[in-house]
Q: 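Sharing a structure with you now.
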Amino acid sequence: MAGFAEEAPATLGGVAFAPPQESEADKRAQARMKGYVGEACPECGNFTMVRNGTCLKCETCGGTTGCS
């Protein structure tokens, strides 16, 4: 892309290395720890729904699944 500088890889003792990549299982575990239930928000479409009593509430936009 024009206008963007490429980021140099990190080095350690002159040897380039990439930071460790998170596995899908790690990402799922982190999402569960945050309370995400895996459903998409009906308003914004993000998968950031958390339990709010008997309903679900979106952490991104504040939308709910019909509860007041």
Side-chain angles (χ1 to χ4, degrees):
M1 297 177 118
F4 291 93
E6 255 186 65
E7 222 175 278
T11 61
L12 180 62
V15 177
F17 68 97
Q21 297 294 318
E22 285 185 306
S23 72
E24 290 297 315
D26 290 337
K27 290 177 184 177
R28 274 196 232 59
Q30 287 178 4
R32 290 287 180 199
M33 286 191 301
K34 291 178 182 177
Y36 299 148
V37 295
E39 292 188 35
C41 174
E43 292 184 33
C44 71
N46 285 304
F47 286 87
T48 54
M49 301 294 283
V50 295
R51 281 269 159 228
N52 188 29
T54 59
C55 302
L56 297 175
K57 177 182 173 193
C58 180
E59 291 282 295
T60 303
C61 73
T64 65
T65 56
C67 299
S68 53

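For this chain, numbers begin at 1 and follow the sequence in order.
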Q: Does anything in residues 30-48 pair up under side-chain hydrogen bond (donor to acceptor under 3.5 Å, both in side chains), and if so which pairs, sequence neighbours excluded?
A: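 Non-adjacent pairs meeting side-chain hydrogen bond (donor to acceptor under 3.5 Å, both in side chains): E22-Q30, T48-T60.
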
Q: Where do P42 and M49 come nearest, in terms of heavy atoms and distance?
A: CD-CE, 4.2 Å

Q: Provide the closest heavy-atom pair for C61 versus C58 in the form atom of the first, atom of the second, distance.
A: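 What the structure gives for the nearest pair is N-SG, 3.4 Å.
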
Q: Between G45 and A40, which heavy-atom pair has the shortest distance, and what is it?
A: O-CB, 4.0 Å

